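The structure's right below; bear with me while I get my questions together.
Naming convention: chains lettered A, B, ... in sequence-line order (proteins, then strands); numbering from 1 in each chain. Quantities reported herein were computed from a predicted structural model and do not represent experimental measurements.
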Amino acid sequence: MKRFDYHVPQSIEEALNLFKSLGDAIYIAGGTDVMVNIKRKKISPKNLISLRNITALKVIEKGKELKIGSCVTHEQLLKDKYIEKYYTALHDAVRKLGSKQIRNVATIGGNICNAAPSADTACPLLVFDTKVLIRNEKGERKIPLHDFFLGPYSVSKDEGEIVTGFEITFLPPYSGSAYIKHSRREAMDLAIVSVATRLTLSPEVDIDFLKREAGEKTYSEFESRLLSYGITVKEARIAMGVVAPRPLRAKEAEDYLCGKRLTDEAIREASEIASSVAKPRDTLRGEAWYRREMVKVLTRRAILLSAKRAFD
Amino acid sequence: MKREIKFKLNGEEVTAEVESHWTLLYFLREVLKLKGTKEGCGYGECGACTVVIDKMAVNSCLFPVMEVNGKDVLTIEGISGPGEALHPLQKAFIEEGAVQCGFCTPGMIMSAYALFEEKKNPDDEDIKEAIEGNLCRCTGYVKIIDAINAAKRGK
């Protein structure tokens with residue numbers, strides 16, 4: 001392996017200064033992508049600047065907004081009960097990400113900055129309207145995650161800048177979300193295609209009744225009845241992975257669903273629109289036509305699951 | 001670049017001079033000659049190199065040696081009892097026939113060890129999740145899951 005020096009700064013300022021003084025350097029967090037890229041000789045930096053000893057980056061803050069530090073590991077996210085309850089799509093994503101060994105060290109900041117079209121945390125963060133917090137010498141800037149992804153493995157960030165975390169606004173009541181990853185294996189596999197959805201509903205029927213129904217019925221029983229209640233969709237978000245050079249929002253499908261009553265017909269139409277927005281490629285993992293078909297199936301399933309979870 | 005690190009390895013404090021570009025796996029096998037930890041793929045896909053750091057299973061092939069500074073590292077060599085008595089997991093793997101070629105075994109056992117650190121009484125799903133990052137090309141996993149269950153009962 002090519003030689004590099006390894007630096008272990010204790011603060012964000014120290015890391016920024018190191019980058020400036022070293023010149024040929026890259027940041028490393030959990031290292032499960034960076035170390036692989038070095039071993040495969042895709043990159044050969046002279047210096048690695050480790051971010052994983054900076055305590056401030058390893059915190060999940062639940063204040064006015066939800067703030068997830070960039071060096072929070074996937075295992076940390078997986079164990080967080082609050083995220084499981086309110087940001088369930090993100091919980092779904094980290095459950096099926098890599099393996100235990102990978103989740104123990106790999107970070108959410110690394111997953112986003114690596115910007116693989118299949119990045120598991122990308123679609124859930126997109127449906128939560130996440131903002132990326134970026135630090136440089138001058139201070140902090142904040143950009144929507146949607147604008148952060150530029151293309152495969154490419155993000156809108158200067159090399160010396162550090163992603164410090166992700167800001168997520170609190171969701172209104174009766175919101176539910178889901179992420180469904182379609183892959184051949186349960187563990188250690190990349191998605192063939194993946195879909196995350198988030199719905200905020202405006203139930204015009206008796207809410208307590210709905211809650212009781214959600215609690216008592218099995219999923220399939222509730223699903224078949226859910227659509228007959230005539231619930232209005234207040235807000236909808238749909239994001240798709242591995243259907244474009246970057247994780248993609250299906251805005252046309254979101255707009256279609258918004259303000260509509262949640263019926264089987266509306267869900268099917270939204271799924272069709274999402275599929276028509278997808279621009280997948282033929283690859284070894286799956287052909288384009290198959291991915292487009294699966295977007296329909298997964299979007300429908302994710303919307304139904306989100307609707308059910310809105311009452312959990 | 002040579003750097004000094006201090007950490008705990010299999011219960012003993014270690015101070016060592018390392019090259020900053022080494023992985024933990026390289027340091028364990030090639031410098032300390034602890035050959036129990038295996039290199040399979042070298043890319044974090046197979047889990048043969050699994051060690052336990054601060055009670056968590058980690059792929060040592062992707063772990064920069066500089067990051068073990070101040071941490072507590074446990075390898076397959078460190079889990080046996082006094083007088084080199086086998087660990088209950090090691091005994092269970094032998095008794096249940098969970099070892100064929102043996103190359104994945106140290107990694108499997110370290111993953112199972114980390115599982116028991118986290119959960120006293122794991123169920124089959126917990127066990128499968130714990131070893132999902134460990135490839136075995138011989139057994140088909142059933143005997144391995146049996147062995148971990150046997151070790152749980154023996155505890």
Side-chain angles (χ1 to χ4, degrees), chain A residues 1-10 22 25-54 71 73-76 78-79 94-107 110 183 185-190, chain B residues 1-3 5 18-26 30 39 41-71 107-108 110-115 117-119 122 125-135 141:
Chain A
M1 198 152 78
K2 201 171 166 291
R3 285 162 174 270
F4 52 77
D5 199 6
Y6 199 92
H7 307 268
V8 191
Q10 304 295 315
L22 290 168
I26 60 166
Y27 294 115
I28 178 172
T32 53
D33 287 314
V34 169
M35 292 299 281
V36 170
N37 287 339
I38 292 174
K39 285 187 158 191
R40 289 197 197 276
K41 302 189 170 70
K42 282 184 184 164
I43 51 171
S44 49
K46 282 208 177 74
N47 295 283
L48 291 187
I49 302 171
S50 167
L51 300 178
R52 70 172 136 190
N53 298 284
I54 303 174
C71 288
T73 65
H74 295 108
E75 194 63 19
Q76 235 178 309
L78 185 60
K79 291 205 172 109
V94 287
R95 232 164 60 105
K96 293 284 167 63
L97 188 148
S99 63
K100 187 85 172 178
Q101 289 97 319
I102 298 290
R103 288 195 299 271
N104 279 338
V105 293
T107 66
S183 55
R185 270 181 112 247
E186 285 276 302
M188 285 309 297
D189 203 357
L190 302 179
Chain B
M1 190 83 73
K2 284 202 176 0
R3 302 269 182 188
I5 58 166
V18 298
E19 288 285 346
S20 53
H21 66 280
W22 286 349
T23 61
L24 174 58
L25 179 65
Y26 180 90
E30 309 305 329
E39 176 163 35
C41 65
Y43 296 113
E45 305 265 354
C46 77
C49 67
T50 303
V51 299
V52 174
I53 301 178
D54 290 348
K55 302 192 174 183
M56 288 191 293
V58 166
N59 291 317
S60 63
C61 73
L62 296 182
F63 205 85
V65 72
M66 292 290 291
E67 293 287 352
V68 300
N69 200 24
K71 294 200 163 59
M108 285 283 181
M110 296 318 286
S111 286
Y113 186 96
L115 171 66
E117 288 283 327
E118 194 185 326
K119 285 181 176 151
E125 281 311 304
D126 295 329
I127 293 173
K128 285 180 194 168
E129 190 190 297
I131 60 167
E132 69 187 3
N134 295 82
L135 287 184
Y141 303 100

What part of A/Arg185 lies closer than 4.5 angstrom to a heavy atom of chain B: side chain, backbone, both or neither?
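Just the side chain, heavy atoms under 4.5 Å.
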Identify which of A/Val34, A/Ile28, A/Val36 forms the greatest number of heavy-atom pairs closer than 4.5 Å to chain B.
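Looking at each of A/Val34, A/Ile28, A/Val36 in turn, A/Val36 comes out on top.
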Centre of A/Tyr6's six-membered ring, under 6.0 Å away, within 45 degrees of the axis: is that where NZ or CZ of A/Arg52 sits?
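The answer is no; the distance or angle limit is not met.
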Looking at chain A, which one of B/Asn134, B/Ile131, B/Val65, B/Leu135 has the largest number of heavy-atom pairs inside 4.5 Å, strictly under?
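Option with the top pair count is B/Asn134.
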Which answer fits A/Lys46, side chain, backbone, both or neither, if we ask what part of it has an atom under 4.5 Å from a heavy atom of chain B?
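Contact with chain B: none, neither part.
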Any salt bridge linking B/Glu129 with A/Arg95? Criterion: basic side-chain nitrogen under 4.0 Å from a carboxylate oxygen.
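The answer is no: the pair does not qualify as a salt bridge.
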Which atoms of A/Val105 are under 4.5 Å from chain B, going by heavy atoms: the side chain, the backbone, both sets, or neither?
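Only the side chain of A/Val105 comes within 4.5 Å of chain B.
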Examine the side chains of B/Glu67 and A/Asn53 and answer whether a donor and an acceptor come within less than 3.5 Å of each other.
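Indeed, the side chains of B/Glu67 and A/Asn53 share at least one donor-acceptor pair under 3.5 Å.
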Pick from A/Lys100, A/His7, A/Arg40: which one has the most heavy-atom pairs with chain B under 4.5 Å?
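If we count pairs closer than 4.5 Å to chain B, A/Arg40 comes out on top.
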Are B/Glu132 and B/Lys128 close enough for a salt bridge, meaning some N to O gap below 4.0 Å?
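Here B/Glu132 does not pair with B/Lys128 in a salt bridge, since their nearest N and O are not under 4.0 Å apart.
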Count the heavy atoms of every other residue, nucleotide or ligand shown that sit under 6.0 Å from CD of A/Glu186, and state whether that count exceeds 12.
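Counting neighbours around CD of A/Glu186, 12 or fewer heavy atoms of other residues, nucleotides or ligands fall under 6.0 Å, so no.
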